[in-house]
Structures are given as structure tokens and as C-alpha cells.
Amino acid sequence: MNFEFTEEQKMIQQAAKDFAERELLPDIIERDANSRFPAEQVKKLAELGFLGMMTSPEYDGGGMDTISYVLAMEEISKIDSSTAVMMSVCNSLVNWGLETFGTEEQKQKYLKPLARGEKIGAFLLSEPEAGSDATKQRTTAVDMGDYYLLNGTKNWITNANSASTYLVIAHTNPEKGHKGINAFIVEKSWPGITLGPHEDKMGMRSSDTHSVMFTDVKVPKENRIGEDGFGFTFAMKTLDGGRIGIASQALGIASGALERAIKYSKERKAFGTEICNHQAIAFKLADMAVKVENARNLCLKAAWMKDEHLNYGIMSAYAKQYAADIAMEVTTEAVQIHGGYGYVKEYHVERLMREAKLTQIYEGTSEVQKIVISRSLLK
Amino acid sequence: MKILVCISEVPDTTTKIRFTDGNKALDTAGIQWIINPWDELALTRALEIKEASGGAVEAVTVATVGAAQAEPTIRKALAVGADNAIRVDAPATDAWYVAVQLAEVVKSGGFEIVMTGRDSADYNGASVGGMLAALLDYNTLSSVSSMALDGGKIIAGREIDGGTETLEAELPFLAVVQKGIAIEPRIPAMRGIMMARTKPLQVVPPVDTGCLTENVEFELPKSRGACRKFAADEVKALVDVLHNEAKLI
């Protein structure tokens with residue numbers, strides 16, 4: 001067993017750190033307050049290749065491994081989770097899904113510009129009444145011979161406005177249950193697509209989240225992904241990788257909060273000494289550090305399994321559930337260590353705490369992860 | 001036309017410095033190595049000059065004098081955009097030794113433009129650039145804070161008291177660069193990191209030469225004493241302490 005990163009992995013980690021500190025940190029508080037999408041920063045992130053970093057060079061991606069992706073996601077998420085989640089959706093869900101299951105024509109047409117970062121992707125699974133229970137899709141795609149006719153509403157869609165390429169999950173035959181579900185590549189510019197208002201969220205406020213309505217949208221037959229009825233399997237397999245992205249995001253939120261708590265505790269004085277010298281604070285830091293390290297190891301193990309082509313679905317659930325839950329705990333303690341200053345925006349930890357909450361909810365709640373984990377133990 | 005950027009690897013600027021070998025050497029245990037910040041800015045400007053040259057500058061090469069452990073730092077320079085690299089396989093023992101090695105690299109590679117950082121962030125000797133220019137008999141300017149290629153000439157800017165001066169120099173030319181030469185170092189792109197795997201990194205043996213200096217001892221600056229605070233109405237006491245105890249006024 002070797003816990004050493006390669007020089008290339010370290011270089012990617014440093015590049016992500018430099019980018020986050022140089023480009024994302026300066027106006028993060030304003031963007032959070034105004035729910036402003038980081039358009040300029042995302043353009044630069046795309047130019048550096050982060051949005052297609054795991055896609056094969058054959059399709060104009062960076063060809064980096066999942067370990068590198070975890071390291072980059074952690075560094076970006078320490079500063080700006082809104083940017084990190086759009087990076088996760090592009091890499092883990094849209095690009096990976098297309099590269100793994102798309103036809104050669106689909107990859108040439110849709111994956112290449114996504115991998116180059118010229119276009120942004122979105123993954124449309126959740127619905128008003130189909131969140132954790134993804135089999136209850138109400139969006140329908142009726143086979144009309146030459147094309148499918150898409151109707152329905154998708155909720156909580158990250159990148160909904162900034163994306164050009166949607167991967168949409170819909171029922172083609174509700175009577176067949178989950179075997180009647182298909183996945184489609186849909187261009188946002190097609191007639192019949194409208195967006196709901198920007199969601200005014202508690203955290204990750206500058207992430208571009210909307211509902212998306214489809215009204216008689218014509219989807220060419222060649223835009224279906226995989227064989228007829230493959231959509232549910234497509235969604236579940238893609239979300240296995242998505243969990244690594246969100247777990248790494250939660251890890252970054254936690255480690256960012258820990259770094260800020262350590263720094264503050266060495267500066268702030270109470271009762272004649274820096275507060276880190278009080279055992280009550282020092283022990284909090286120790287507990288936080290152990291949790292962060294455990295989360296990091298789970299993320300890296302899931303990533304390593306993916307890179308080794310092992311079955312990583314369960315380990316990614318371990319990583320997602322644990323990292324999200326400890327992100328909530330660690331950020332809460334970081335606010336506590338900061339005291340009153342932790343409750344104001346200037347010190348960043350209150351924002352990290354708001355962001356941590358979402359990692360327990362989206363791309364599979366912590367409870368859903370526990371279902372996945374416990375079923376694997378009991379089968 | 002080819003540009004050579006001389007880079008050295010130095011400890012990360014946040015490193016806690018310790019010494020070893022009877023305070024004669026830097027303790028390198030646990031140190032994170034980076035490209036010397038001035039050299040990184042020089043590389044950034046060299047790449048900008050190449051990109052703006054319309055093909056007149058065919059390549060930007062980086063060279064360093066150092067052991068194999070320097071290669072990750074060299075790879076970073078390649079990831080940022082350098083076309084190839086040369087490592088002189090020897091420890092960078094003193095400024096003269098390094099300058100002699102780099103002079104050989106410049107001569108054998110036929111580089112018409114050479115760029116070095118003002119000094120390196122480890123020993124801050126600020127000597128290699130000047131020595132190298134003298135060994136090569138190249139036109140040279142120090143403290144260069146802007147630089148452009150205009151046909152076959154170099155237009156360089158320097159900060160002077162109350163303003164800037166612009167100078168012109170013929171090739172071959174060596175620039176010792178400082179703050180202002182580039183806005184900020186480039187962040188390597190994924191594609192650059194991937195391409196750095198396969199870009200040429202040539203390892204050459206050192207030429208035979210000696211050192212002119214030897215480190216006798218390093219000493220850390222004295223740690224700062226405790227901070228003493230004076231209330232707003234204690235000006236007289238503050239002046240008294242500054243005059244009689246600190247002897248600063």
C-alpha cells in the first residue's frame with residue numbers, strides 16, 4: 001500500500017489550490033450574498049481544463065485519474081462549493097456518463113465540447129415528487145417513431161441555466177417500472193424548454209439551480225443513451241461516480257473549515273493566551289482533524305477503486321455519507337471556535353456550515369447512502 | 001530564436017527554516033520545493049514573448065542546476081508551458097559554480113535571450129545573473145521589470161526613483177528580472193500537466209569547475225520579543241522606552 005501522491009497529482013492539487021485562492025476567494029462573500037453565478041471564474045476553470053479533467057484525451061479531456069479529481073475538488077471546495085458542484089456535475093455525471101455509455105457519434109458531437117469546457121452540462125434526474133425514489137419519474141418521453149416527445153418538470157437542477165447540454169432521465173414506458181426509463185441528450189436551446197426562477201438557497205448560493213420544464217420537446221432517436229430501458233441503470237451507475245465528487249466536495253468544506261479554525265485559534269486570545277492553548281479548543285481541533293482525515297481516506301479509497309476498475313459503488317456511498325455528515329459536524333465546530341466572529345460572513349465559516357448541509361441532501365441523502373451501505377452488508 | 005529561462009528550486013516561502021551539519025547547511029527534511037518566484041515570473045514573461053512573437057521565438061527552454069530531486073519542479077515549469085528542459089546534474093553549491101554550468105548550457109544550446117530571476121528565495125545571493133552575463137559576454141540589464149522583443153532588439157523597462165526608464169539592447173541579451181516582469185505566474189492547465197509527462201528533459205553532466213565561496217555558518221534572526229502595549233495617554237513612557245531601552249530614538 002502506498003499513500004504517496006504522484007508528482008502529477010500534487011501538481012494538480014496545487015493548481016486547484018492556486019486557482020481557488022487567486023480566482024474564487026476574492027469575491028466569494030459578495031457572490032454568496034447576491035447568488036451571483038461565477039461566470040468569469042468558470043470560464044477560467046474551463047480554460048485550465050478542470051471541467052473535463054477526467055475525460056480521455058481522445059475526447060479532448062485532461063485524462064487525469066479520479067485521485068487527482070478528488071484532490072482538485074477538495075481544494076476548490078475549501079473556498080467555493082458553488083463552483084465545485086458545477087465542476088462535479090460536469091466531470092462525474094455528464095462527461096463520465098457520456099464517455100462510458102454514449103455512442104461514438106454522441107461523444108464526438110456532445111462530449112468533446114464539454115470536455116474542452118466550451119460547453120457546460122447538467123444532469124436532470126430529480127423531480128418535484130421523485131427525489132430519493134428515482135423510479136417515480138413523471139417526466140415522459142413518448143416514442144413518436146422518428147423522435148421522442150418529452151414532457152415534464154425537473155427540479156433542483158445544478159447548472160440549469162449555464163448548461164447547453166442536458167442529460168435527461170424520463171419514463172418511456174411507465175408500465176415497465178424502472179425498466180421503462182431512458183436517458184436522453186437534450187440541447188437546452190431546443191423549443192419547448194423553459195426554466196423556473198433561480199432557487200434562493202441556504203448555501204451554495206451562487207450555484208445556478210433552477211427547475212426545468214419540458215413541453216413537447218422533440219428529442220431525436222439518436223440522442224437516447226444506451227439500449228431501450230437503460231436509463232435507470234445509467235442514472236444509478238453515473239451517480240456512483242457522482243458520489244465521489246460530492247464526497248470530495250464535503251471533504252473540502254470540512255478541511256477548509258478546519259484550516260480556518262486552526263488559524264483563528266492561534267490568533268484569538270482569551271484568558272491570557274491563544275485559545276488553541278485551551279484544551280477545550282485543542283480537543284475540538286483534534287476531533288475535527290481525525291474526521292477530516294477519515295473522510296479524505298474514504299474519498300481516496302473510492303477514487304482508487306474506480307481507477308482500478310473495481311466495484312466502487314458501495315465505497316463511494318461510504319465516502320459520501322461520512323464526508324457529508326462530518327462536514328456538518330466540523331463546520332459547526334469551526335463556527336463555535338470562532339465564537340461571535342464565526343456567525344458573521346467575514347470569517348467564511350458560517351458559509352461553509354450552510355454549504356455543508358446540502359452535501360447531506362443532494363446526489364443521495366445521507367439516509368439513502370445508509371440504505372445502500374446496509375443493503376450491501378445484509379445481502 | 002530561443003529563450004532560456006534559468007530556474008532554481010527553493011523551499012516554499014512559508015517553510016520553517018532549520019539548519020543541520022553544525023549550522024552549515026539547510027535541513028531539507030520535510031521541505032516543499034517550489035520554483036523560485038522570480039524565476040517563475042521570468043518564465044511567464046518568456047512564454048508571453050514567445051506567444052506574441054509570431055513564430056520568431058521558436059522555443060522557451062528552462063534550465064536548472066540541481067540533483068534529480070529537482071525534476072518535479074522542472075516538470076511544473078514544463079506544465080506551465082516551457083517547451084523543454086535541461087538539468088545540470090550537480091548540486092547548486094555556489095553562485096559561481098551555477099553560473100559556469102549555466103554558461104555552458106547557453107553556449108551549447110545557442111540561446112540568444114537568457115532570463116534569470118533577481119535572486120533566489122533561499123540564499124538571496126543575487127549573483128548568478130550578473131556572473132552569467134559576464135561569462136557569456138552578453139548585453140545585460142538588471143532589475144528588469146518589463147521586457148518585450150521588438151524585431152531583433154529588446155525593449156526593457158526598469159523602475160527608477162519616481163518613475164520608470166525604458167532601455168533598448170541588442171541581442172544576445174541577458175535579463176535579470178524582478179517584480180513587474182509578469183503580473184502573476186501561470187497556473188498549469190490539465191493539458192499542460194499531461195503534456196509535461198512527455199516533454200524533453202535533458203540531463204547533462206556538470207563541467208569541471210570549483211566554488212569560490214563556502215558556507216561557514218547560518219544563523220536564524222533573533223526571535224521577536226514580547227509586544228508591549230502603551231495606553232493612549234502614556235506617550236511619555238513610550239518615548240522613554242524607545243530612547244532608553246530600545247535605543248531607537
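- Sparse packing is recorded around CE of B:M195, with 12 or fewer heavy atoms of other residues, nucleotides or ligands lying under 6.0 Å away.
- The number of heavy-atom neighbours closer than 6.0 Å to NZ of A:K107, taken from other residues, nucleotides and ligands shown, is above 12.
- Applying the 6.0 Å contact sphere to CZ of B:F230 captures more than 12 heavy atoms from other residues, nucleotides or ligands.
- When side chains are defined from C-beta on, B:M194 counts as touching A:P57, because their heavy atoms get closer than 4.5 Å.
- In this structure, chain B has a heavy atom under 4.5 Å from the side chain of A:E23, while its backbone stays farther away.
- By the neighbour-count criterion of 12 heavy atoms within 6.0 Å, atom CG of B:L220 is densely surrounded, having more than that number from other residues, nucleotides or ligands.
- When all heavy atoms of B:A79 and A:M11 are compared, the pair lying nearest together is CB-SD, 3.5 Å.
- Side-chain contact between A:R22 and B:P185 is present, with at least one heavy-atom pair separated by less than 4.5 Å.
- Interface check for chain A: of the options B:A189, B:A196, B:G192, B:P188, the most heavy-atom pairs under 4.5 Å are formed by B:A189.
- Counting heavy atoms of neighbouring residues, nucleotides and ligands inside a 6.0 Å radius, atom CD of B:E219 does not exceed 12 of them.
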Under the salt bridge (Lys or Arg N to Asp or Glu O under 4.0 Å) rule, what do A:E7 and B:R75 come out as? Steps first, then yes or no, please.
-> CA-CA 9 Å; A:E7 289 305 327; B:R75 288 279 173 212; over 6 Å; no
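- Taking every heavy atom of both residues into account, A:M64 and B:M190 meet most closely at CE-O, 3.3 Å.
- By number of non-hydrogen pairs under 4.5 angstrom with chain A, the leading residue of B:R191, B:R186, B:E71 is B:R191.
- Nearest heavy-atom pair across B:I187 and A:D18 is CD1-C, 3.8 Å.
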